[in-house]
Amino acid sequence: MPVVTFIEHDGTQHQVDADEGMSVMEVAMKYDVPGIDADCGGSAVCGTCHCFVESSGELSAVDPTEESMLGLRPDRESNSRLSCQLRVSESTGDMTVRLPEFQM
Ligand code: FES
């Protein structure tokens with residue numbers, strides 16, 4: 001079972017077991033990890049599940065919908081992703097994601 005480590009903006013860490021097939025956003029919701037709002041419920045249209053992927057195995061590519069939402073984030077970095085679009089799998093393996101100071 002892959003482990004996802006969430007690092008809040010203040011450095012607080014949450015290390016949780018993730019079921020394969022869940023999105024990183026769904027994992028955060030399941031374990032009440034603060035810092036992800038996910039207003040649209042995972043449809044890639046709100047951008048409030050932004051995270052920074054610090055380490056992982058292989059990730060799916062950013063598709064045009066995700067790209068357009070990430071483009072609206074002034075705090076975007078090269079490792080920015082929408083956590084609702086990242087599925088935990090054998091390929092992704094253990095992941096570490098940092099959360100922004102706030103979602104917008
Ligand atoms: Fe809305 Fe990810 S939950 S874009």
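When a ligand or atom number is given, it counts from 1 through the structure's own listing order. All residue numbers refer to positions in the sequence shown, counting from 1.
- In the vicinity of Cys40, heavy-atom distances shorter than 4.0 Å reach the ligand 1 atoms 1 (Fe), 3 (S), 4 (S).
- Among the atoms of Cys84, an N, O or S atom falls under 2.8 Å of atom 2 (Fe) of ligand 1.
- For atom 3 (S) of ligand 1, the nearest protein heavy atom (residue, atom name, distance) is Gly42 N, 3.3 Å.
- Of the listed residues (Gln13, His14, Arg98), just one forms a side chain to side chain donor-acceptor pair (under 3.5 Å) with Glu8, and that residue is His14.
- In this structure, Asp37 contributes its side chain and Asp39 its backbone to no donor-acceptor pair below 3.5 Å.
- Considering Glu54, Glu66, Glu67 as possible partners of Arg81, the one that fulfils the salt bridge (charged side-chain N to carboxylate O under 4.0 Å, His left out) test is Glu66.
- Close approach of ligand 1 to Val45 is summarised as follows: ligand atoms under 4.0 Å from at least one heavy atom of the residue are 4 (S).
- Residue Cys49 has at least one heavy-atom neighbour below 4.0 Å for each of these atoms of ligand 1: 2 (Fe), 3 (S), 4 (S).
- Between Gln103 and Ile36 there is a side-chain heavy-atom pair separated by less than 4.5 Å.
- Under a 4.0 Å criterion applied to the non-hydrogen atoms of Ala44, ligand 1 contributes the atoms 4 (S).
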ask   = Are Ser80 and His50 close enough, and set up right, to give a side-chain hydrogen bond (donor to acceptor under 3.5 Å, both in side chains), and what steps lead you there?
value = CA-CA 7 Å; Ser80 284; His50 181 210; 2.8 Å; yes

